[in-house]
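So that the names make sense, note that chain A is the first sequence line, chain B the second, and so on, each numbered from 1.
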Amino acid sequence: MNTDEAYSNANIKSNKDKLQHVQDITSLVLGIASGILTLESIHGFLLYVIGLTLANGLFYVICGEGKIDKYFKSPIQEVFVSGIVGNMPGFVMMWCLVYALVSTSA
Amino acid sequence: MLFYAIGILLLTHAGYSAFEHHKLASHTIHSALPLDIIVETIVATVIIVFGSITSIKNSPALTLDNEVVTMDSQYLKPIRATDASQLDQIVGVSEYDRFDNRIEFVDVIAKRREYAEWIKEQE
């Protein structure tokens, strides 16, 4: 840790907001998708975890432009791990809503 | 925006198709969801995710000499202070100019009156 490692807080926040924006939309759309596919129990959560990780990978590759260290302090943890739990309620909400709409009996 | 529109259209179509399928299946034999609905849902998801990633691009900045400059990084902003101040240096402002000038609090009418008087004096 040398002395010229000063960070710009505004840019850190801007990057986090952008990642959050992508994860918000991804989790809602994955909820709609698992509702349409009428997935149940563990399958829906599997779709969520795999789908969000793929989307994060896309973010990592496209937005990171090969030098992700420049944009996040701890890239792997911030991009892949920290958003998984926080976005789950939105996913479950859309999942339940669309599931109920699609699979009406009779 | 186009990605969102296409993706939502596809999702709506897939959802309605799935609804119809379940409605039909409840009267006849229950069968699994057709492959084309599954594929349509996955394609729509990918399109919307891709659209959300392309929607977070950095907007270009305008310098004092009316030149449009774009940042080196297309999507995110560099967090190290040395990299972060580069755009400000190109544009010609300091990081605190926004606080020093407070454009929102400038009294435009007073400024214009002042300018009009100055023009009159010049004539």
Under a 4.5 Å heavy-atom cut-off, does chain B meet the side chain of [X], its backbone, both or neither?
| X | value |
| --- | --- |
| A:T26 | both |
| A:L54 | neither |
| A:I25 | side chain |
| A:I32 | side chain |
| A:K67 | neither |
| A:V98 | neither |

Using only atom types and a distance under 3.5 Å, with no angle test, would you say the side chain of [X] pairs donor to acceptor with the backbone of [Y]?
| X | Y | result |
| --- | --- | --- |
| A:N11 | B:P78 | yes |
| A:S14 | A:A10 | no |
| A:W95 | A:L39 | yes |
| B:Q74 | B:K57 | no |

Contact class of [X] relative to chain A, heavy atoms under 4.5 angstrom:
| X | value |
| --- | --- |
| B:Y4 | side chain |
| B:L33 | side chain |
| B:S73 | both |

**Request:** Establish, for the pair B:K77 and A:Y71, whether the NZ or CZ atom is under 6.0 angstrom from the six-membered ring centre and no further than 45 degrees off its axis.
**Result:**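 No, cation not above the ring by the 6.0 Å, 45° rule.
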
Heavy atoms only, distances under 4.5 angstrom: which of [options] has the most pairs with chain B? Name it, please.
| options | answer |
| --- | --- |
| A:N15, A:N9, A:L37, A:V29 | A:N15 |
| A:T38, A:L19, A:L30 | A:T38 |
| A:H21, A:K18, A:K73, A:K70 | A:K18 |

**Prompt:** Is A:L97 reachable from A:I36 through a run of I, L, V, M, F, W or Y residues, each pair having side-chain heavy atoms under 4.5 Å apart?
**Reply:** yes

**Prompt:** Relative to chain A, which of B:I8, B:T41, B:I38, B:T54 shows the most heavy atom pairs under 4.5 Å?
**Reply:**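 Top count of heavy-atom pairs under 4.5 Å with chain A: B:T41.
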
**Message:** Let's test your reading of the structure: which of B:I53, B:V49, B:L11 forms the most heavy-atom pairs below 4.5 Å with chain A?
**Reply:**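 Counting heavy-atom pairs under 4.5 Å, the top option is B:I53.
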
**Flag if over 12 foreign heavy atoms under 6.0 Å of NZ, A:K16** = no

**Asked** CD1 of B:I119: more than 12 outside heavy atoms within 6.0 angstrom?
**Response**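 More than 12 heavy atoms, drawn from other residues, nucleotides or ligands, come within 6.0 Å of this atom.
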
**Asked** Is a salt bridge present between A:D17 and A:K13, judged by a nitrogen-to-oxygen distance below 4.0 Å?
**Response** yes

